[in-house]
K.L.:
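One structure, as structure tokens, below. Some questions next.
Just so it is clear, the values below take in all heavy atoms, side chains as well, and ignore hydrogens, waters and symmetry mates. Proteins come first, then strands; the chains are lettered A, B, ... in the order of their sequence lines, and each starts at number 1.
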Amino acid sequence: MTSEDTAPVALSTLRANAAVTVRGLVVRFGEVEAVAGIDLTAGSGLATALLGRNGAGKSTTMRVLAGLVPPTAGEVTVAGHPVADAIGVRRATGYCPDIGGLVPRATPWEHLQLAARLRRLGRGWEGRARDLLERFELGSVSHRVTGGFSHGMGRRMSVLLAAFHEPQVLLLDEPFDGVDPVGVDATMTTIAEATGRGTCVVLSTHLRELAVQACDVAVVLRGGAAAEPMAVAALSGSEGAENYRRLLTAT
Amino acid sequence: MTATRRRRPFGPVRDLGYVLQFRLATARNHRGRWAVVAMLTLSALVAVLPAYIPGAGQEGAAVDTLILLSSGYVAFLVLVSISAISSGGGRELIPRDQAAPFPISPATDHLGALLLAPLNIAWLMQAWLLLGATAFGVGTQYLFWAQCVCVLWILAATAIGQAVAWTVEAVRRGPAGVALVRSVGVAALASAAVIWATGNISTLLDRSPSVWLVVALIVGPGKIWVNVVLAVLSMAVLATVVGIWPARWAASRMPRDEQRLESGSHPPRAEPRSDLAALVRVDRTSVWRAVPMRRGAAMLALAPGVIAAAGRIGWDSMTVLPGLVISGAVLLFGVNVWSLDGRGALWRANLPVSPGLVFTARCWVLTEFVVLAALVSLAVAAVGAGVPTGGEVVALACTLVVVTTQAVGSGMLWSVRNPHAVDLRSARATPAPPVTMVGYSARLAVVTTLTGVLFAGLARFGAWELSLACATPLLLFALRRLVRARAEWLDSDRRAQVIATVAA
């Protein structure tokens, strides 16, 4: 691995367009320290991959950014809102959780209707909802309860819900997990469209190659803390795989 | 290496031991074990103490009790069967999704359901009623021998009810099974109504073989006692063993109710007019599209009302009904109300809406669910009860309001303090582990029954002003729990824990 491969992305560039700023984030659950002092910056119009081993703190960080888990310590700002302003953060974000993310006995349409109402989308949301349902190949099941969905269908629906209201910050936690290639393509298109609109996308995944395809910047988390952001190209190909493995296991 | 499957005669019993050990090891605290010890101690006391009450085992009230006991034994069999049928074959020792990685056979599942049957407040109350009545009826002379018969009957009736429930569940899962089971249920209800209307209930109960159980209690140790004990013991063993077949039959079939709900189409409705209406709508779908809630609500709304109507209970005694029905309804999901969202809790938590409004919506849905069940039950019970007095109406209304607030307040508070990740898809699912459910049931039963009894007394007294005067402090006290539950939900740390737990 050369120093050029893992060269940090120009932080000044990221900070200039920062939609997500995390400084010294610590999250403790009882005696367990899930996040131990993460610093992170994610820019508008860019997709940032959050990578790391199991238990590295990716999902907890995502939950903090989504306004679900209050930080134990540190400063977190999302789309200009400190996370203490939970309603402001939730208005600005769209969140696809790592597990499930769907109310089991409600239909996709009922999910969308609730989101449209609470996010004040106004008239005309149905058209976008239908387009997205077709893109993710969920149009034919839009009036069936999600409890009967396969894992992949559930993941696709969860991504759709996160992107539905065109948020300023799109948080996707394991969006490719168990999803078929068609669903992966739909997710890729959604991410590309979002970044094209200037949305800040933060994506957590274990699938390195998909992260390389979808993202511009990568941040590797280790032991609850984050390394400097790097250009995602450094993780591409077989050499990138080797780099990635080294980064995951480095002490 | 290929594992060969050999049927071991005691394999299911051994597996049950392993599963039980696993379940106990994963229990978060030891309060559950203490609850079981307390339950056994209380059962022993209930089986002995009434024999020492003045008049026990003598002419008068004790003899009247013995005369009624034969019907009581039949009623126990009917009620445990209905309870097991409504829960789709009995409770699960391990929730279905957690049991998936383990090769738990239907036979082990059947034995587990039998073992869990006593961890149900309805079963416990009825069993205690039988034990207490038996002790009071026979007095101290043949107490031990009499209670042997009573305990064996309780076990046999539970095993028979379980076998019947598996059979009904297997039929329900077959082609046209749901329609068939519903038709048989309606026919049974209609037959009971005809028997009741023609005044033949007493004649029928007098011919019941359960009269022999009472004879054995009275004569004590001897030939009749031995014959009855052997007969009941054989029934218990036979029903336990035979129950394995319908359990296997049911396990081999897909649950149709769940499939129908999950594969059916639900046409879109007009947009809700407010945020609260939108939240309430989604919460309602979570309740009314769940098999255990639908079956439980139907059972709770009808069974106590039908029994009250059959027994021609007067308006003054009807104040006990709301407590029973509302407690049962809260126990269907209200003690772990945030689990309705399942894994969707994380997505819902990201929606920009105040947590207070979310709490109000959930509370509203729980309240309307329990009140609806209670009102239907009261309407059924009112058949043949005549016209109530003003005092009785006010007492009943006060009971309904107070008991609803007590039960909903407790449920909302427990939901915030002790959440569990549960999948309420299966008819056999419960919102909390079995032993925890016993604790909740006991607490709700005590509070709501005492409230019902208080208002029954006030209804007899006839002064409606007194009912209102008593209801006000009780209502305020019950509201305190609701306010506390709301305050704890509004705490962001606590809320994050609840959401993470129910979505796990």
Side-chain angles (χ1 to χ4, degrees), chain A residues 27 29-30 59-60 62-64 66-70 72 84 86-107 109-120 123 125-126 141-149 154 157-158 161-162 165 167 171 173, chain B residues 258-291 293 339-355 357-358 421 423-425 491-497 499-500 502-504:
Chain A
V27 181
F29 300 115
S59 292
T60 307
M62 291 289 234
R63 288 182 190 187
V64 172
L68 269 62
V69 173
T72 310
I87 298 286
V89 167
R90 289 173 202 166
R91 274 205 191 102
T93 55
Y95 173 52
C96 160
D98 57 328
I99 43 172
L102 303 174
V103 179
R105 285 176 290 279
T107 66
W109 193 259
E110 286 162 349
H111 281 82
L112 291 161
Q113 206 170 37
L114 180 66
R117 169 82 218 182
L118 299 180
R119 294 190 181 280
R120 309 279 182 262
R123 300 233 168 260
W125 63 266
E126 289 101 332
V141 293
S142 59
H143 302 308
R144 264 176 49 190
V145 298
T146 61
F149 280 15
M157 183 63 209
S158 213
L161 279 172
H165 55 289
L171 305 164
D173 198 352
Chain B
E258 283 174 52
Q259 276 185 325
R260 194 165 50 86
L261 282 170
E262 288 178 1
S263 59
S265 187
H266 303 276
R269 295 165 59 194
E271 283 196 47
R273 290 187 180 171
S274 67
D275 289 358
L276 181 64
L279 292 166
V280 165
R281 184 183 287 182
V282 171
D283 288 348
R284 270 191 198 136
T285 65
S286 293
V287 174
W288 291 105
R289 288 178 192 162
V291 176
M293 271 80 105
S339 69
L340 284 182
D341 293 330
R343 291 180 166 179
L346 289 169
W347 170 72
R348 284 198 62 167
N350 179 244
L351 291 170
V353 61
S354 92
L357 199 66
V358 173
D423 179 3
L424 290 170
R425 283 162 79 190
D491 176 65
S492 56
D493 284 320
R494 167 72 74 180
R495 200 168 59 251
Q497 279 174 21
I499 289 163
V502 298

K.L.:
Any non-hydrogen side-chain atom of A/Pro104 less than 4.5 Å from a side-chain atom of B/Arg343?
P.N.:
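They are not in side-chain contact.
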K.L.:
Please classify the contact between B/Arg425 and chain A as side chain, backbone, both or neither, with a heavy-atom cut-off of under 4.5 Å.
P.N.:
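B/Arg425 touches chain A through backbone and side-chain heavy atoms alike.
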K.L.:
Tell me, side chain or backbone of A/Leu118 under 4.5 Å from chain B's heavy atoms, or both, or neither?
P.N.:
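Backbone plus side chain of A/Leu118, per the 4.5 Å heavy-atom cut-off to chain B.
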K.L.:
Give, for atom CG of A/Leu114 and atom CZ of B/Arg281, the distance between the pair rounded to the nearest 0.5 Å.
P.N.:
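Interatomic distance, A/Leu114 CG to B/Arg281 CZ, rounded to 0.5 Å: 10.0 Å.
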K.L.:
Tell me the closest heavy-atom pair linking A/Tyr95 and B/Trp347, and the distance in Å.
P.N.:
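Shortest heavy-atom separation between A/Tyr95 and B/Trp347 comes out as O-CD1, 4.1 Å.
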K.L.:
Taking all non-hydrogen atoms of both residues, which atom of A/Arg123 and which atom of B/Glu271 are closest, and how far apart?
P.N.:
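Smallest interatomic distance, heavy atoms only, reads NH1-OE2, 3.9 Å.
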K.L.:
Against chain B, work out which of A/Thr146, A/Val141, A/Asp98, A/Thr107 has the most heavy-atom pairs shorter than 4.5 Å and name it.
P.N.:
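Highest number of pairs under 4.5 Å: A/Thr107.
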K.L.:
At a heavy-atom separation under 4.5 Å, does B/Arg284 approach chain A through its side chain, its backbone, both, or neither?
P.N.:
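Neither part.
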K.L.:
Any side-chain heavy-atom pair from B/Asp275 and A/Arg117 closer than 4.5 angstrom?
P.N.:
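They are in contact (side-chain heavy atoms under 4.5 Å apart), so the answer is yes.
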K.L.:
Please identify, among B/Ala278, B/Ser265, B/Pro268, B/Pro355, the residue contributing the most non-hydrogen atom pairs under 4.5 Å to chain A.
P.N.:
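It is B/Pro268.
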K.L.:
Indicate yes or no: at least one non-hydrogen side-chain atom of A/Arg105 is less than 4.5 angstrom from one of B/Leu424.
P.N.:
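Touching, per the 4.5 Å side-chain cut-off.
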K.L.:
Answer yes or no: is there a donor N or O on one side and an acceptor on the other, between the side chain of A/Gln113 and the main chain of B/Arg269, under 3.5 Å?
P.N.:
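Pair found, side chain donor or acceptor close to backbone of B/Arg269.
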K.L.:
Measuring from atom CG of B/Leu346 to atom CE of A/Met62, what distance do you get when rounded to the nearest 0.5 angstrom?
P.N.:
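Result: 12.5 Å between the selected atoms.
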K.L.:
When only pairs under 4.5 Å are counted, which of A/Ala86, A/Pro97, A/Cys96 shares the most heavy-atom pairs with chain B?
P.N.:
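The answer is A/Pro97.
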K.L.:
Could you report the tightest heavy-atom contact between B/Ala504 and A/Ile99, atom names first, then the distance?
P.N.:
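Of all heavy-atom pairs spanning B/Ala504 and A/Ile99, the closest is CA-CD1, 4.1 Å.
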K.L.:
Who among B/Ser354, B/Pro267, B/Ala500, B/Ser492 has the most heavy-atom pairs with chain A under 4.5 Å?
P.N.:
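Of B/Ser354, B/Pro267, B/Ala500, B/Ser492, B/Ser492 has the most heavy-atom pairs under 4.5 Å with chain A.
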K.L.:
I need the minimum non-hydrogen distance between B/Leu351 and A/Arg90, along with the two atoms involved.
P.N.:
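In terms of heavy atoms, the two residues are closest at O-CD, 3.5 Å.
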K.L.:
Where does B/Val282 contact chain A at under 4.5 Å (heavy atoms): side chain, backbone, both or neither?
P.N.:
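Just its side chain gets close to chain A.
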K.L.:
If every non-hydrogen atom of A/Arg119 is compared with every non-hydrogen atom of B/Pro352, which pair is closest and at what distance?
P.N.:
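Answer, listing the atom of A/Arg119 first, then B/Pro352: NH1-CD, 3.5 Å.
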K.L.:
Would you mind checking which part of A/His165 comes under 4.5 Å of any heavy atom in chain B, side chain (CB onward), backbone (N, CA, C, O), both or neither?
P.N.:
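Contact with chain B: none, neither part.
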K.L.:
Given the options B/Ala503, B/Gly344, B/Gly264, which has more heavy-atom pairs under 4.5 Å with chain A than any of the others?
P.N.:
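Winner by heavy-atom pair count: B/Gly344.
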K.L.:
Return the option, out of B/Gly342, B/Ala345, B/Ala290, with the maximum number of heavy-atom pairs under 4.5 Å with chain A.
P.N.:
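Among the listed options, the one with the most contacts to chain A is B/Ala290.
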